[in-house]
A.B. asks: 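Take this structure, written in structure tokens, and hold onto it; I'll ask about it next.
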Amino acid sequence: MNERIFKAINQCAGTSSLLDSLMILISKKARFVYLFVIIILWFRRTDDKRMTVNTGFTLGVTYIICLFIKSFFFRPRPFLTREVNLLPPVPSEKDSTFPSKHTSLAFAMAASVFCFHKVAGVFLWLLSVMVGVSRIWMGQHYPSDIAGSAIIGKIVAYMVKRTELSWKPLVKRALQPLKNF
């Protein structure tokens, strides 16, 4: 099933320069949309400042977990083991295909924002799905890598939110100088 889904999505790469450009754009530049949404929400209310701190913490934890998994688990990327439609830029790293850092971080951010702001969270969740699809489209990851990475991002976001009370005093101290910002 993993192979079939990968093939169904990746075989579309190279058939439309417009879609290829869109997938490359989403894969490489979606992080700026997330950043823009976070900045907009930062200036709205104090709760949104708390959300921004939670999101930053979530991203840091997610990134460390991805690095940890990659250091113990190796599965070659699709373009290393089979003929795929590989779109530029060709990655210089030949690291493990699982987890997809792009996808894990995208879903971590979307889930973290969703905990505080439902509308923005749903928008970012849809963008995260597109990030995952774009990684398959470009020949970088398998669908199971994307699904697993999405799960990692969501679990970390909800665990950070759930344990917020234990580290809330640190957040208050961090936000104190920013109250008048």
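Values in this document were obtained by computation on a predicted structure and should not be read as measured data.
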A.B. asks: If hydrophobic clusters are built by linking Ile, Leu, Val, Met, Phe, Trp and Tyr wherever their side-chain heavy atoms come under 4.5 Å apart, do I155 and L124 end up in the same one?
C.D. replies: no
A.B. asks: Would I26 and L22 count as a side chain to side chain contact (heavy atoms under 4.5 Å, CB included) if you check the C-alpha gap in whole Å, the side-chain angles of each, and the deciding distance to 0.1 Å?
C.D. replies: CA-CA 6 Å; I26 289 170; L22 180 63; 3.9 Å; yes
A.B. asks: Is I151 reachable from L59 through a run of hydrophobic residues whose side-chain heavy atoms are each under 4.5 Å from the next?
C.D. replies: no
A.B. asks: For residues 141-153, which residue pairs pass the salt bridge (charged side-chain N to carboxylate O under 4.0 Å, His left out) check, not counting sequence neighbours?
C.D. replies: R75-D145
A.B. asks: Using side chain to side chain contact (heavy atoms under 4.5 Å, CB included) as the criterion, point out the one residue from C66, P99, S128 that pairs with S149.
C.D. replies: P99
A.B. asks: Test of understanding: with side-chain hydrogen bond (donor to acceptor under 3.5 Å, both in side chains), list the residues that count as partners of T103, not counting sequence neighbours.
C.D. replies: S100
A.B. asks: List the residues meeting ring pair (Phe, Tyr, Trp, His ring centres under 6.0 Å) with F123, not counting sequence neighbours, and say none if there are none.
C.D. replies: none
A.B. asks: Find the distance between CE (M1) and CZ (R4) and round it off to the nearest 0.5 Å.
C.D. replies: 6.5 Å
A.B. asks: Quick test of your reading: applying salt bridge (charged side-chain N to carboxylate O under 4.0 Å, His left out), list the pairs with at least one residue in residues 14-30, sequence neighbours left out, ordered by first then second residue.
C.D. replies: none
A.B. asks: Considering residues at least two apart in sequence or located in another chain, which fulfil the salt bridge (charged side-chain N to carboxylate O under 4.0 Å, His left out) criterion with R31?
C.D. replies: none
A.B. asks: Give every residue pair that meets the salt bridge (charged side-chain N to carboxylate O under 4.0 Å, His left out) criterion with at least one member in residues 8-18, sequence neighbours excluded.
C.D. replies: none
A.B. asks: How would you list, by chain and number, every residue that makes a ring pair (Phe, Tyr, Trp, His ring centres under 6.0 Å) with F72, sequence neighbours excluded?
C.D. replies: F68
A.B. asks: For I24, does its backbone N or O pair with a side-chain atom of S27 as donor and acceptor, under 3.5 Å?
C.D. replies: no
A.B. asks: Just wondering, do Q140 and L86 contact through their side chains at under 4.5 Å, heavy atoms?
C.D. replies: yes
A.B. asks: Kindly state each residue pair satisfying side chain to side chain donor-acceptor pair (under 3.5 Å) with at least one member in residues 57-71, sequence neighbours excluded.
C.D. replies: K70-D95
A.B. asks: The test is side chain to side chain contact (heavy atoms under 4.5 Å, CB included); show your working for W137 and L19 and say whether it passes.
C.D. replies: CA-CA 10 Å; W137 186 285; L19 281 175; 3.8 Å; yes
A.B. asks: L126, F36: one ILVMFWY side-chain cluster at the under-4.5 Å cut-off?
C.D. replies: no
A.B. asks: Could you check M23 against V133 for side chain to side chain contact (heavy atoms under 4.5 Å, CB included), going step by step and ending with a plain yes or no?
C.D. replies: CA-CA 8 Å; M23 291 300 171; V133 170; 4.3 Å; yes
A.B. asks: Keeping to residues at least two apart or across chains, list the salt bridge (charged side-chain N to carboxylate O under 4.0 Å, His left out) pairs with something in residues 117-130.
C.D. replies: none
A.B. asks: Apply ring pair (Phe, Tyr, Trp, His ring centres under 6.0 Å) to F6 and list each qualifying residue two or more places apart in sequence or on a separate chain.
C.D. replies: Y142
A.B. asks: For residues I136 and L80: do they belong to one hydrophobic cluster (side chain heavy atoms under 4.5 Å, members Ile, Leu, Val, Met, Phe, Trp, Tyr)?
C.D. replies: yes
A.B. asks: Kindly write out the residues that satisfy side-chain hydrogen bond (donor to acceptor under 3.5 Å, both in side chains) with S112, not counting sequence neighbours, or none if the list is empty.
C.D. replies: T55
A.B. asks: Is there a path of hydrophobic side-chain contacts, each under 4.5 Å between heavy atoms of I, L, V, M, F, W or Y residues, that connects L67 with L105?
C.D. replies: yes
A.B. asks: Evaluate the criterion side chain to side chain contact (heavy atoms under 4.5 Å, CB included) for residue pair F79 and N10; output intermediate values, then yes/no.
C.D. replies: CA-CA 11 Å; F79 64 87; N10 181 252; over 6 Å; no
A.B. asks: Kindly give the heavy-atom pair with the smallest separation between L41 and A120, and that separation in Å.
C.D. replies: CD1-CB, 4.0 Å
A.B. asks: Is a side-chain N or O of N85 found less than 3.5 angstrom from the main chain of G14, in a donor-acceptor match?
C.D. replies: no
A.B. asks: Taking salt bridge (charged side-chain N to carboxylate O under 4.0 Å, His left out) as the test, write out the residues that go with K154, two or more places apart.
C.D. replies: none
